[in-house]
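A short write-up of the structure that comes next.
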Amino acid sequence: MLKIFTALAALGLATGVAQAQTPAPNADLAQWVNPLMGTDSKPDLSNGNTYPAIALPWGMNFWMPQTGKMGNGWAYQYSADKLRGFKQTHQPSPWMNDYGQFALMPITGRRVFDEDARASWISHKAEVAEPNYYRVYLADHDVTAEIAPTERAARFRFTFPQTDSAYVVIDALDRGSYVKVLPQQRRVIGYTTRNSGGVPKNFKNYFILEFDHDFTSTALYQDKALAAGVLEVTAKHAGAVVGFKTRKGEKVNARVASSFISPEQAELNLREIGEQDFDAVRQQGRAAWNKALSRIEIEGGTEAQRRTFYSCLYRSLLFPRKLYERDASGNIMHYSPFNGQVLPGYMYTDTGFWDTFRALFPFLNLLYPDVNAEIQQGLANDYRESGWLPEWGSPGLRNVMVGNNSASVVADAYLKGIRGQDMNVLYEALTHGANNAGPLDAVGRKGVEYYNKLGYVPYDVKINESAARTLEYAYDDFTIYQLAKALNKPKKEIDLYARRSQNYRKLFDKESGLMRGRNQDGSFQKPFNPFKWGDAFTEGNSWHYTWSVFHDVQGLVDLMGGRQKFVATLDTVFTLPPVFDESYYGEVIHEIREMQIANMGNYAHGNQPIQHMLYLYNYAGQPWKTQYWVRETLNRLYLPTADGYCGDEDNGQTSAWYVFSALGFYPVCPGTDQYVLGAPLFPKATLHLPSGKDIVLNAPNNSAANRYVNGLTFNGQPYDKNWLSHTELMKGATLNFDMSAAPNKSRGTQPAAAPYSFSKAK
């Protein structure tokens, strides 16, 4: 969705060496974005598993060119050569699939409705993809199609040849849909119910299309069959085809909007366009993206690095998406995906906290706290309406992944200064979720009765991925402990979550020096293969999950026998071959394959559990190894191309990792005030905080060779710690990095330089 994708910029961006120009004030940063980054993916190998999301930041509706068949989660694949339509989408990932979806497709010649019959050959050479604009030439129909969106509406522009057989197909998709044509008003209205779960029975996405040309013909389709002599159809699969007579080069324009609330609200949402023409809507969208992207201005670096950075920043500003709308009086309203009612207040959705608690939400807290304030208010509404916080919402509760990481998302926001949310409701939601199993395995805490009694979820009680659950519950308890202190909760309650935060210790196996599943009787699982993916762990193995002690790395250092052994174990992750045991899954899942081909040993950056591991050298007095491996990961595993990621991008998490790491620091432990230092990628970066203050990161000697931090000053004073304070950064700060080609093995080596650990703090 991010990038101006011309033939010139489409490929060959990976290894540029020229230094980019310094951006002018109010620069057009959207020019660096490639929305096609990560789209060269398939189920058994993910290079991002993204699609070109043509949208506004956090917009309720996205649009995408659709190459895949109806219902295919891989709805746009870069390798495809035919396009079936332009789909309104709310899909967070191919694995979660879509909801609230319908499609448009301009065609010429024979009037057809079927998605294969209407499909057209396309070429990337005749495709332009920008965050707020998409254009492609449909060769079989000699039509150029263009899209320019707003948050809940969009303008389409179709340039037709000379013909009396120009048509636009409106496909409301299957599983229950309705379409009505209003020729006098040049309108098509309807609804679609197609979804992938997480919705109540009355779920509908109501849409309205308004054209600027009279219809010369209309046809409605009922389950793919022509419905003669009618202007409206309700069916399993409804659709319409409206016809036009056009001159060569004549443009047919359409305004489109949708609503989860009602047909009337869909028409209200057209107000986002008003009377603006296509170019005005496009320019408005470009301005919205430039405003959002301009919170960070980078200087220097290669063209490929600049494109990668802003493409990742764009991906970080898409999810979670808005699920709220404005009524006729401008009041914030939302359709509840939990109870089917229309209620006041904010709501956001389409994110999985197992992924995004790590970097995406801390990134919002740093640079977009105004957006996260709305998200937090929406989370309170989630709890009021469902009785739970979603761990994966799309749009309602979904049964996927493990952990209770809503605790981290809520706690970190409040501890980083986000206000306006009802903390009484949210704290109740956290403690309720921490002490109860939910209506789905992935809501609340599965195995909570064992966890609260034994301090871990046993391996032998038929609860999948028990060790992963235990480690994440312990960290989540730490974040509740931190929040309870900040809210002045009773000491007994604070102490309870402090004790539970240490439950990670119960899974540490001294024999292997790694985390290991543990049985109900206290014995460890046998046999134990630390390379076995899944089983006791989630989409990873023991070498990946052992590091999931975000809040007490010093405690893990001590368990491993001290700093030297801890560092040696970290080093081993990279020196091991990429061996694996896939027997739990019965096949080599794509996450395994992505680790195998990355040529970084057993380091699996393409999935989330290990992404913070590179920063843990800072806790053991060897920060230069963090600096080395972070730069290696930035260089090797990210490119501004269609194969530009090394695994699922996952709703901004993998992108936010890049953005943070390119700036030179990373939130290893959300729920604390600290970011752990790496090393900046660019000679200069300026973070424009919403308060009007700036964080300036200067590294003038930065280069491909000079990747190590020889010295650092913070506001002019020498700084030898391996972490930065969020509170201090929020005051505005200037950091000057002295970069060098050789590591400085004396800076940051003392225990006092290490970032926060619970064990040290206590």
Side-chain angles (χ1 to χ4, degrees), residues 66 69-71 83-88 100-120 138 140-143 145 154 156-158 160-195 202-247 250-259 262-267 270:
Q66 181 185 350
K69 285 182 175 288
M70 177 173 57
L83 191 143
R84 291 178 165 84
F86 302 94
K87 186 171 79 162
Q88 181 183 281
Q101 54 199 302
F102 62 95
L104 283 69
M105 180 67 175
I107 61 174
T108 58
R110 189 166 59 95
R111 184 179 66 193
V112 292
F113 178 72
D114 178 80
E115 63 178 345
D116 291 331
R118 72 192 187 220
S120 172
L138 303 171
D140 286 284
H141 304 297
D142 192 20
V143 173
F156 280 75
R157 185 163 65 188
F158 305 121
F160 283 100
Q162 180 173 336
T163 179
D164 58 2
S165 303
Y167 303 100
V168 174
V169 178
I170 299 97
D171 191 343
L173 308 187
D174 64 354
R175 299 188 184 174
S177 49
Y178 165 78
V179 170
K180 182 176 182 179
V181 178
L182 302 167
Q184 299 304 314
Q185 300 177 51
R186 299 171 171 171
R187 284 184 170 183
V188 179
I189 62 173
Y191 63 74
T192 175
T193 66
R194 193 178 220 285
N195 66 83
N202 70 344
F203 169 81
K204 291 183 175 70
N205 184 232
Y206 301 94
F207 58 79
I208 178 171
L209 297 87
E210 185 175 273
F211 292 86
D212 67 347
H213 280 51
D214 291 334
F215 303 155
T216 57
S217 66
T218 64
L220 273 72
Y221 287 80
Q222 183 172 7
D223 301 330
K224 296 187 179 181
L226 182 65
V230 298
L231 290 176
E232 63 181 315
V233 162
T234 303
K236 179 183 176 183
H237 187 173
V241 180
V242 295
F244 309 95
K245 182 177 181 180
T246 56
R247 303 180 302 277
E250 187 169 357
K251 293 174 172 56
V252 174
N253 289 272
R255 300 191 309 154
V256 185
S258 73
S259 168
S262 68
E264 295 78 18
Q265 183 64 44
E267 187 168 356
L270 275 178

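All residue numbers in this chain count up from 1 along the given sequence.
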**Prompt:** Considering residues, nucleotides and ligands other than Gln185, do more than 12 of their heavy atoms fall under 6.0 Å from its CD?
**Reply:** yes
**Message:** Rounded at 0.5 Å granularity, tell me how far CD in Glu264 sits from CD1 in Ile208.
**Reply:** 10.0 Å
**Asked** Is there side-chain contact between Val252 and Asp212, with heavy atoms separated by less than 4.5 Å?
**Response** yes
**Asked** So, the side chain of Thr193 versus the backbone of Lys204: is there a donor-acceptor pair under 3.5 Å, distance only?
**Response** no
**Request:** Give a yes-or-no answer on whether the side chains of Gln101 and Asn195 include a donor-acceptor pair shorter than 3.5 Å.
**Result:** no
**Asked** Should Glu267 and Arg255 be marked as a salt bridge (Lys or Arg N to Asp or Glu O under 4.0 Å) after you check the CA-CA gap, both sets of side-chain angles, and the distance that decides it?
**Response** CA-CA 10 Å; Glu267 187 168 356; Arg255 300 191 309 154; over 6 Å; no
**Asked** Should the pair Phe86 and Phe156 be assigned to parallel (<30°), tilted (30 to 60°) or perpendicular (>60°) ring geometry?
**Response** perpendicular
**Request:** Calculate, to the nearest 0.5 Å, the distance between atoms OG and CE belonging to Ser120 and Met105 respectively.
**Result:** 5.5 Å
**Message:** Could you walk me through whether Met70 and Arg194 satisfy the side-chain contact (heavy atoms from CB on, under 4.5 Å) test, starting with their C-alpha distance in whole Å, then the side-chain angles of each, then the deciding distance to 0.1 Å, before giving a yes or no?
**Reply:** CA-CA 10 Å; Met70 177 173 57; Arg194 193 178 220 285; 4.0 Å; yes
**Asked** Is there side-chain contact between Lys69 and Asp116, with heavy atoms separated by less than 4.5 Å?
**Response** yes
**Asked** Which one of Val112, Asp114, Val242, Val241 satisfies the side chain to side chain contact (heavy atoms under 4.5 Å, CB included) criterion with Val169?
**Response** Val241
**Nearest non-hydrogen partners of Phe102 and Ala172, listed with the distance** = CB-CA, 4.2 Å
**Prompt:** Checking Thr192 side chain against Asn205 main chain: does a donor-acceptor pair fall under 3.5 Å?
**Reply:** no
**Asked** Does the gap between the ring centers of Phe244 and Phe211 come in under 6.0 Å?
**Response** yes
**Item:** Minimum side-chain heavy-atom gap Ile170-Phe207 below 4.5 Å
**Value:** yes
**Item:** Passing candidate, side-chain hydrogen bond (donor to acceptor under 3.5 Å, both in side chains) with His237, options Asp174, Asp171, Asp223
**Value:** Asp171
**Closest non-hydrogen atom pair, Pro161 against Thr246** = O-OG1, 2.7 Å
**Message:** Would you compute the distance between atom OG of Ser217 and atom NZ of Lys245 and round it to the nearest 0.5 angstrom?
**Reply:** 12.5 Å
**Prompt:** Just how far is it from atom CG of Leu220 to atom CZ of Phe113, taken to the nearest 0.5 Å?
**Reply:** 9.0 Å
**Message:** One pair to check against side-chain contact (heavy atoms from CB on, under 4.5 Å): Leu138 and Leu83. What are the steps and the verdict?
**Reply:** CA-CA 8 Å; Leu138 303 171; Leu83 191 143; 4.1 Å; yes
**Asked** Is Lys224 paired with Glu115 through a side-chain N to carboxylate O contact shorter than 4.0 Å?
**Response** no
**Asked** Rounded to the nearest 0.5 Å, what separation is found between the CZ atom of Arg111 and the OG atom of Ser165?
**Response** 10.0 Å
**Polar contact flag, side-chain donor to acceptor under 3.5 angstrom, Glu232-Tyr178** = yes
**Prompt:** Can you check side-chain contact (heavy atoms from CB on, under 4.5 Å) on Leu104 and Val256, steps first, answer last?
**Reply:** CA-CA 10 Å; Leu104 283 69; Val256 185; 4.2 Å; yes
**Message:** Counting C-beta onward and ignoring hydrogens, is there a side-chain heavy-atom pair between Tyr206 and Ser258 closer than 4.5 Å?
**Reply:** no
**Request:** Could you tell me whether Asp140 and Arg118 have a side-chain N and a carboxylate O separated by less than 4.0 Å?
**Result:** no
**Asked** With Arg186, which residues qualify under salt bridge (Lys or Arg N to Asp or Glu O under 4.0 Å), at least two apart?
**Response** Asp214
**Asked** Within the distance-only criterion (no hydrogens, no angle test), does the side chain of Gln88 pair as donor or acceptor with the backbone N or O of Gly100 below 3.5 angstrom?
**Response** yes
**Asked** So, the side chain of Ser177 versus the backbone of Ala238: is there a donor-acceptor pair under 3.5 Å, distance only?
**Response** yes
**Complete:** One should read off an interatomic distance between Ser262 OG and Tyr191 OH, to the nearest 0.5 angstrom, of 14.0 Å
**Asked** Yes or no on side-chain contact (heavy atoms from CB on, under 4.5 Å) for Leu182 and Val188, after CA distance, side-chain angles and deciding distance?
**Response** CA-CA 6 Å; Leu182 302 167; Val188 179; over 6 Å; no
**Message:** Using only atom types and a distance under 3.5 Å, with no angle test, would you say the side chain of His141 pairs donor to acceptor with the backbone of Thr108?
**Reply:** yes
